[in-house]
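Note sheet for the following structure.
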Amino acid sequence: MSLASDTIAALATPPGRGGIAIVRVSGSAVKKIIRDLFARDLPPRQANYLPFIDAQGELLDEGLAIFFPHPHSFTGEDVLELQGHGSPIVVDLLLQRILGLGARLARPGEFSERAFLNDKMDLAQAEAIADLINASSAQAARSALRSLQGEFSREINELIEALIQIRIYIEAAIDFTDEEIDFLSDATLIAKLHVVLQSLVEIQAKAKQGNFLREGISIVIAGAPNAGKSSLLNYLSRQEIAIVTDIPGTTRDVLRHPILIDGMPVHVIDTAGLRASDDAVEQEGIRRAYREMENADLILFVADANTMTNEKYHHNTIPIIYVRNKIDLLTEAAGVNSKEGETIVSLSAKSGEGIDLLLAQIKAKVGFHSEADGIFLARRRHLDALSRAHIHVMASLTQLTEYRAGELAAEELRLAQLALSEITGEFSSDDLLGRIFSSFCIGK
């Protein structure tokens with residue numbers, strides 16, 4: 001995007017009443033807007049306390065004005081930031097004044113989009129801005145900040161550079177096929193590919209943890225009526241979310257509540273008890289329970305330890321933890337057992353005994369490590385790109401070691417490089433960029 005593009009303006013602080021509101025303007029008309037608004041030029045990067053004047057020369061507001069000339073600004077264009085009083089009426093009048101001076105309202109994410117297009121940051125860093133704003137825990141915020149500071153991008157760029165160097169070696173070896181030396185079987189080359197693979201695995205692991213912090217997981221509490229599912233929801237949420245009675249079938253609809261497990265967002269879903277019923281309302285609740293179970297990341301299948309039967313719920317892809325609840329009635333100690341590949345946690349949702357064991361098993365089942373170092377927030381598209389890059393590097397290694405097919409190996413590495421470049425935006429479609437930035441808030 002050139003510096004001669006449209007000038008954009010937007011409220012950069014949340015709408016509503018507040019002590020301060022910040023209006024941000026970016027584009028080639030900023031200097032003209034400054035002169036019309038203040039009847040003077042502004043020195044770069046200095047806070048100036050000034051009156052904001054309307055078209056009739058009347059006072060609109062007064063506050064701080066800061067001018068950031070290009071290219072040393074957030075967007076890489078001339079940028080003006082106005083900090084005035086947080087009255088919705090005053091902000092609207094100020095925005096209307098700026099629009100009348102040649103600006104237009106910014107689209108969602110357009111400031112960050114211009115920063116990306118003007119090489120002020122790469123795509124992963126731009127996404128990290130939105131992720132930092134939307135972070136739901138301190139750990140997620142710290143991880144988003146690492147991405148914003150370029151830690152994720154640095155690791156991706158190092159991988160890309162390693163792939164480029166290997167491609168150069170392979171393509172040079174192809175040009176010397178008449179030589180007696182078989183460059184493609186060089187142990188150093190194979191070792192370098194293995195190093196790239198190991199780095200990819202490590203980055204994938206950190207990105208997976210970052211994706212947990214960003215998107216969280218969905219846990220469905222299921223089981224027979226009166227097993228203590230609602231009590232478990234209440235204990236996990238530390239609130240009386242669900243009605244708890246001794247009457248089976250109290251819960252008839254789906255109840256949802258967000259919690260945090262070591263900084264990982266978790267959407268806990270309580271469902272109707274699973275049993276045969278002639279009640280139309282209860283039947284609908286059971287149907288919804290099965291639907292939620294099909295869409296879950298993890299199922300907690302709860303049973304009353306006093307009357308526990310062999311009834312189980314099996315799923316080919318969704319992990320399940322079996323919960324033996326109400327051990328307080330048996331004077332039984334909490335514990336974790338594995339039987340025929342199944343994980344069984346004995347606990348009391350009433351007293352809380354064994355809940356810590358359940359939380360540990362939840363993290364283990366989904367693969368979340370709260371103490372992992374260097375986690376950066378990652379999106380599903382990042383995980384997909386890393387997975388495709390891993391597949392192509394593995395294919396390249398196969399082409400070299402089994403078939404000595406240098407051309408095919410080099411092509412696989414090129415595809416791996418393209419997949420990684422999608423993360424930083426070096427290679428991305430316009431549609432992808434549009435989807436990403438349209439999800440940002442206005443003013444960012």
Side-chain angles (χ1 to χ4, degrees), residues 1 71 76 116-128 146-147 149-208 210-211 373-374 376 378-433 436:
M1 186 174 294
F116 165 70
L117 294 174
N118 288 326
D119 295 323
K120 302 301 292 184
M121 62 179 67
D122 63 36
L123 190 54
Q125 289 174 295
E127 289 172 311
R146 289 192 191 99
S147 292
Q149 292 173 332
E151 185 172 327
F152 186 21
S153 302
R154 177 184 58 77
E155 295 198 26
I156 294 299
N157 289 330
E158 287 176 357
L159 266 179
I160 291 174
E161 181 59 29
L163 289 174
I164 290 173
Q165 293 304 316
I166 295 173
R167 282 183 60 196
I168 290 172
Y169 184 94
I170 293 175
E171 289 169 7
I174 293 170
D175 292 336
F176 292 94
T177 53
D178 294 335
E179 300 290 332
E180 295 182 1
I181 301 173
D182 185 2
F183 291 101
L184 295 180
S185 62
D186 188 346
T188 303
L189 172 63
I190 305 303
K192 286 181 178 179
L193 268 175
H194 279 293
V195 169
V196 168
L197 273 174
Q198 181 59 36
S199 297
L200 258 174
V201 169
E202 292 172 0
I203 293 176
Q204 282 178 293
K206 287 191 283 189
K208 182 180 179 183
N211 187 250
D373 294 328
F376 34 72
R379 300 186 171 204
R380 289 190 183 274
R381 78 171 194 90
H382 301 154
L383 297 180
D384 174 64
L386 287 167
S387 176
R388 284 185 283 118
H390 188 273
I391 291 170
H392 288 306
V393 174
M394 286 291 293
S396 176
L397 189 61
T398 300
Q399 294 296 341
L400 282 177
T401 56
E402 296 186 15
Y403 307 110
R404 298 290 189 270
E407 293 90 345
L408 295 178
E411 174 62 12
E412 292 290 352
L413 293 181
R414 185 187 71 84
L415 294 174
Q417 181 183 337
L418 287 179
L420 293 176
S421 296
E422 291 178 14
I423 294 175
T424 59
E426 183 181 343
F427 173 77
S428 295
S429 69
D430 290 341
D431 280 348
L432 173 64
L433 296 179
I436 289 172

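Listed by first and then second residue, the salt bridge (charged side-chain N to carboxylate O under 4.0 Å, His left out) pairs that reach into residues 192-206 are Glu155-Lys206, sequence neighbours excluded.
Looking only at distances, a side-chain donor or acceptor of Asp122 sits under 3.5 Å from a matching main-chain atom of Ala124. In this structure, His382 contributes its side chain and Arg379 its backbone to a donor-acceptor pair below 3.5 Å.
The distance from the CD atom of Glu426 to the CD atom of Gln417 is 7.0 Å, given to the nearest 0.5 Å. The distance from atom CG of Leu123 to atom CD of Glu422, rounded to the nearest 0.5 Å, is 10.0 Å. Taking CD1 from Ile160 and CG from Leu413, the interatomic distance works out to 12.5 Å, rounded to the nearest 0.5 Å. Note that the CD1 atom of Ile423 and the CD1 atom of Ile203 stand 8.0 Å from one another [nearest 0.5 Å]. To the nearest 0.5 Å, the span separating CD on Gln125 from OG on Ser153 amounts to 4.5 Å. Atom OG in Ser396 sits 7.5 Å away from atom CD1 in Ile166 (nearest 0.5 Å).
At a threshold of 4.5 Å between non-hydrogen side-chain atoms, the residues Arg381 and Ile436 count as touching. No side-chain heavy atom of Leu383 sits under 4.5 Å from any side-chain heavy atom of Gln204. Residues Thr398 and Met394 fail the side-chain proximity criterion, which asks for heavy atoms closer than 4.5 Å. The closest side-chain heavy-atom distance from Val201 to Leu197 is not below 4.5 Å. In this structure, Leu189 and Tyr169 have side chains that are in contact, with non-hydrogen atoms separated by less than 4.5 Å. Between Asn118 and Pro71, the closest side-chain pair of non-hydrogen atoms is not below 4.5 Å. Leu415 places none of its side-chain heavy atoms less than 4.5 Å from the side chain of Ile391. Between Ile190 and His194, the closest side-chain pair of non-hydrogen atoms falls below 4.5 Å.
For the residue pair Val196 and Ala162, the shortest heavy atom distance occurs at CG2-CB, 3.9 Å. Counting all heavy atoms, side chain and backbone alike, Met121 lies closest to Ala126 at SD-CA, 3.4 Å. The nearest pair of heavy atoms linking Ala389 to Ala419 is N-CB, 4.0 Å. When all heavy atoms are compared, the tightest approach of Ala378 to Asn211 is O-ND2, 3.1 Å. Across all non-hydrogen atoms, the minimal contact from Ser147 to Phe152 is OG-CB, 4.0 Å.
Taking the charged nitrogens against the carboxylate oxygens, Arg388 and Asp384 do have a contact shorter than 4.0 Å, which makes a salt bridge.
Within a 6.0 Å sphere centred on CZ of Arg380, heavy atoms belonging to other residues, nucleotides or ligands number 12 at most.
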